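Owing to the predicted nature of the structure, the values given are computational and were not obtained by experimental measurement.
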Amino acid sequence: MVTPSAGFILIAPPTKSFLTMPEGTKMLRAGIVLATGADIFHASGKVLPSPVEINDKVVFTYYEDEDFSIDGKPHYLVPFTRIVAYYAS
């Protein structure tokens, strides 16, 4: 299993759609959290924990260079700060 670095989340596309995105939406993706990296420290000195847990369903902003494959299946690696919404498992 891939372990994300601090401040990042490993996400897999859902096997069943749980959210309908408007047509033409290219900057948002939905998925299921597989793993989260360690908390990060903000410049202000505050600790920023992961906003999600494993198996949560998330919506996140997407850029084309973030997807990659694990065993031939697509996955995304995105920073904590780009989670737009989530459904707690």
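Of all non-hydrogen atoms in A30 and P14, the two that sit nearest each other are O-CD, 3.3 Å. Closest approach of T61 to V78, counting heavy atoms only: O-CG1, 4.4 Å. Minimum interatomic distance between L34 and A12 (heavy atoms only, all atoms of both residues): CD1-CB, 3.7 Å. P13 approaches Y76 most closely through the heavy-atom pair CG-CE1, 3.8 Å. Nearest heavy atoms, F8 versus P79: CD2-N, 3.6 Å.
Linking Ile, Leu, Val, Met, Phe, Trp and Tyr residues whenever their side-chain heavy atoms come within less than 4.5 Å leaves V2 and I54 in two separate clusters.
Note that OG1 of T36 is 10.5 Å distant from CD1 of I11, once rounded to the nearest 0.5 Å. How far CD of E53 is from CD1 of I9: 11.0 Å, rounded to the nearest 0.5 Å.
Listed by first and then second residue, the salt bridge (Lys or Arg N to Asp or Glu O under 4.0 Å) pairs that reach into residues 75-89 are E66-R82, sequence neighbours excluded. Within the structure, salt bridge (Lys or Arg N to Asp or Glu O under 4.0 Å) pairs that include any residue of residues 37-47 do not occur (at least two apart or interchain).
Here the side chain of H42 pairs no donor or acceptor atom with the backbone of I40 at under 3.5 angstrom.
Here the side chains of V84 and L28 are in contact, with some heavy-atom distance below 4.5 Å.
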